[in-house]
**Q** 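Following this message is one structure expressed as structure tokens.
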Amino acid sequence: MDKNNILNTSNDLRWQIGEGFHDKLTEAIYADASTIAQNAVTKKGDVKKFRFDKSLDKIVTSKTWGFPIMILILSVVLWLTIIGANYPSGLLAQLLLDNVHPWLKNLANLAGFPWWLSGFLIDGVYLALAWVIAVMLPPMAIFFPLFTLLEDFGYLPRVAFNLDSLFKKSGAHGKQALTMSMGFGCNAAGVVATRIIDSPRERLIAIITNNFSLCNGRWPTQILIASIFIGALAPAGFSGALSTLSVIAIALLGIFFTFTVSLFLSKTLLKGEVSSFTLELPPYRPPDFWKTMYTSLIDRTLIVLWRACVFAAPAGAVIWLISNITIGDATIAHWMIDHLNGFGFILGLNGVILLAYIVAIPANEIVIPTVLMLTVMTASIAGVGAGNGVMFELDSVTTTGEILRAGGWTLLTAVNLMLFSLLHNPCSTTIYTIYKETKSVKWTVIASILPLILGFVVCFVIAQVWRIIF
Amino acid sequence: MQKATKSACETCDLNANASLKKMGINTENTDYVIALAGNPNTGKSTVFNALTGLKQHTGNWPGKTVTRAEGGFGYNDKKFKIVDLPGTYSLLSTSQDEEVARNFILFGKPDVTVIVVDASRLERNLNLVLQILEITDKAVLCLNLMDEAKRLDIDIDDRALARDLGIPVIPASARSKEGIPELIKTINQVANGEIKCKPHRIKNVPQSIENALNKLSKEIEKEYPSIPNSRWIALRLLDGDERIIEAVKSGEFITE
């Protein structure tokens with residue numbers, strides 16, 4: 001056949017040409033490019049204008065200042081988010097929970113809905129949605145635009161540049177810094193972004209460790225719990241700063257785990273050489289402020305919020321159902337929480353949190369609303385909520401804190417929840433994405449289970465040490 | 001009235017925007033397929049957004065687009081489908097994002113390939129341009145980020161460039177939509193054959209390789225007479241590219 005002819009000829013010729021074909025070809029292309037460019041480009045003598053980029057790069061990628069500046073920028077972004085989100089969150093909660101919820105209940109009564117239908121729809125589905133919006137929307141609407149502004153300015157490649165040597169030491173690819181940064185927005189997006197890594201070995205490391213980047217579904221959890229429990233430790237004026245610091249500590253811990261787990265993987269399951277690559281530091285470009293606002297609000301905030309709502313609605317329904325269907329003399333939720341409590345105690349958490357994480361596997365975003373709903377139900381706090389599985393009216397972070405304390409929460413519970421929120425299985429979307437990208441059940445399972453095991457170990461150790469000390 | 005003057009300008013034949021219909025993600029029944037290729041971070045997604053009216057996220061870092069995005073636009077009475085490819089420095093190595101770009105230009109047989117380059121970094125960008133011109137005859141060079149080049153006092157003779165490369169060259173600043181009308185018009189002209197390209201082919205290849213290339217291309221053309229890029233296939237075969245060897249066996253890159 002002639003096709004084989006072609007291949008045979010090419011094999012023969014390849015032998016004749018000998019080594020270095022690729023290099024010679026590349027050289028030829030470079031030579032052509034250089035000639036053509038020389039014919040077309042005239043650069044005027046003034047090189048001063050290059051200097052702004054260069055001198056800025058000298059500072060933000062310097063050995064001394066690179067890391068402090070990174071941490072400082074992260075702190076400012078988080079601090080603005082924490083300070084800025086509190087007030088609109090309260091306002092939204094007041095509107096959606098204090099005003100709209102009773103109004104809907106009345107409407108259902110007038111329309112003659114049976115109790116179970118209005119309970120299922122309004123106390124289950126609606127309240128879960130309202131909660132997600134009140135808790136999630138304000139921090140996202142602040143965090144995402146800030147992050148996008150940094151991205152458009154051109155800061156991310158500098159972060160990659162700074163972290164490159166650390167990744168290399170962990171046996172991973174320097175471009176993992178970029179996919180890790182993407183993970184801070186959304187792990188599923190971070191996993192898809194690993195396609196920029198050529199070597200399959202390093203790509204797998206980047207996929208498995210991406211979950212250690214706190215995603216936007218988990219930022220609000222961190223921020224809320226930090227504001228309630230950690231911030232309260234400091235005098236009023238400093239509580240914002242202290243909660244910011246604790247959230248940063250968790251984020252940095254996540255980065256630390258990214259490195260150690262990468263190192264572990266490259267020494268055990270995924271042995272191999274580190275491949276080199278070139279990273280272009282693009283010029284700094286002034287971000288187009290309004291366009292950034294638009295794209296980050298529409299593309300990121302609303303899409304992520306929509307996803308959260310899609311998952312929250314059925315979760316709300318499930319919560320209402322498990323707390324209203326009784327087996328024997330207790331509801332399903334009571335029964336499950338009782339059984340999980342023992343294990344939860346060992347981890348310094350409680351049954352409610354573990355159950356919430358089971359219910360919230362589809363989306364990290366609804367963990368806090370679920371925790372609150374379940375806490376209220378089991379603690380049966382007088383005067384809040386109208387029945388089992390009803391999420392209650394909350395108009396400020398302080399009341400949320402009171403509810404949680406009434407549910408038996410301590411500082412240890414809060415710290416371990418923050419840790420567990422960092423270290424647990426990825427959400428179902430991310431798991432599915434990992435499967436699609438790796439096409440391997442084995443690596444999907446490892447990527448899902450590994451962080452969970454780490455979470456159990458870390459929480460267990462902290463809980464034991466804590467109980468010995470205090 | 002002020003409005004009248006404005007609309008007179010907008011409907012002028014010379015203003016291609018007048019007959020541009022942004023069709024968003026509607027890409028059904030299109031007449032032409034346009035590929036958007038280029039180095040990372042040269043503004044491909046910005047050009048894509050300007051043409052389709054979509055809001056693909058753009059970001060200032062290489063590697064933003066890893067999958068291909070598709071959109072559509074209409075010009076005159078023709079419908080175009082445009083595919084935003086991941087940015088690549090080269091088509092010679094094979095990371096997954098580079099393969100997406102390479103495979104689409106080679107196997108997707110776009111009617112026109114628009115190569116977006118960073119005007120302030122022309123020489124480096126030309127490496128990819130020259131490789132793409134080995135694959136396809138129908139290409140337009142979009143000399144993007146002209147505003148940045150101007151700020152850096154870099155002057156580019158776009159006519160000399162067009163002559164050397166053998167394809168139309170359109171200076172543009174996609175961010176402020178400058179040059180987009182001209183780009184649309186040129187894409188249309190290349191697509192319908194009004195403009196014929198005579199793309200530059202890589203010179204400076206050592207004689208021994210050149211001879212081998214000629215011999216192999218002839219062999220390929222004998223088997224597949226309609227093939228436009230036998231030299232590129234020969235190049236890749238000599239480099240031992242598995243995917244291309246496979247493609248030669250199945251004959252999947254053949255037009256018609």
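Predicted model only: the values in this text are computed from it and were never measured.
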**Q** Check whether any side-chain heavy atom of A:Leu25 lies under 4.5 Å from a side-chain heavy atom of B:Leu92, and answer yes or no.
**A**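 They are in side-chain contact.
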**Q** Does A:Asn39 reach the side chain of B:Asp157, with side-chain heavy atoms less than 4.5 Å apart?
**A**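 No. Closest side-chain heavy atoms not under 4.5 Å.
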**Q** Less than 4.5 Å apart, any side-chain heavy atom of B:Val248 and any of A:Leu7?
**A** yes
**Q** I'd like to know which of A:Asn11, A:Thr9, A:Ile29, A:Val41 tops the heavy-atom pair count under 4.5 Å against chain B.
**A** A:Ile29
**Q** Count the heavy-atom pairs under 4.5 Å between each of B:Gly240, B:Ser208, B:Ser120 and chain A, then report the option with the highest count.
**A** B:Gly240
**Q** Would you say that more than 12 heavy atoms from the other residues, nucleotides or ligands in this model lie under 6.0 Å from the NZ of A:Lys24, or not?
**A** yes
**Q** Only pairs of heavy atoms separated by less than 4.5 Å count here; which of B:Glu148, B:Gln131, B:Arg159 has the most with chain A?
**A** B:Glu148
**Q** When you compare the side chain of A:Phe21 with that of B:Leu235, does any pair of heavy atoms fall below 4.5 Å?
**A** yes
**Q** B:Asn127, B:Leu165, B:Leu213: which one forms the most heavy-atom pairs within less than 4.5 Å of chain A?
**A** B:Asn127
**Q** Considering only heavy atoms, which portion of B:Asn211 lies under 4.5 Å from any heavy atom of chain A: side chain, backbone, both, or neither?
**A**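 Contact with chain A is absent: no heavy atom of B:Asn211 under 4.5 Å.
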**Q** Between B:Arg175 and chain A, which part of the residue has a heavy atom less than 4.5 Å away: side chain, backbone, both or neither?
**A**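 Only the side chain of B:Arg175 comes within 4.5 Å of chain A.
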**Q** So what's closer than 4.5 Å to chain A heavy atoms on B:Leu145: side chain, backbone, both or neither?
**A**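 Only the side chain of B:Leu145 comes within 4.5 Å of chain A.
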**Q** To the nearest 0.5 Å, what is the distance between CD1 on B:Ile244 and OG on A:Ser10?
**A** 11.5 Å
**Q** Between B:Asp118, B:Ile245, B:Leu238, which residue shows the highest count of heavy-atom pairs closer than 4.5 Å to chain A?
**A** B:Leu238
**Q** What is the minimum heavy-atom distance between B:Leu130 and A:Ala33, and which atoms define it?
**A**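 Heavy atoms of B:Leu130 and A:Ala33 come nearest at CD1-N, 3.6 Å.
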**Q** Any side-chain heavy atom of B:His200 within less than 4.5 Å of one from A:Asp32?
**A** yes
**Q** Search all heavy atoms of B:Ala212 against all heavy atoms of A:Leu13 and return the closest pair with its distance.
**A** O-CD1, 3.5 Å
**Q** Which pair of non-hydrogen atoms, one from B:Lys203 and one from A:Ala28, has the smallest distance, and what is that distance?
**A**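 Minimum heavy-atom separation between B:Lys203 and A:Ala28: O-CB, 3.6 Å.
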**Q** Kindly indicate, with the supporting measurements, whether the criterion side-chain contact (heavy atoms from CB on, under 4.5 Å) is fulfilled by B:Val129 and A:Ile36.
**A** CA-CA 11 Å; B:Val129 176; A:Ile36 296 174; over 6 Å; no
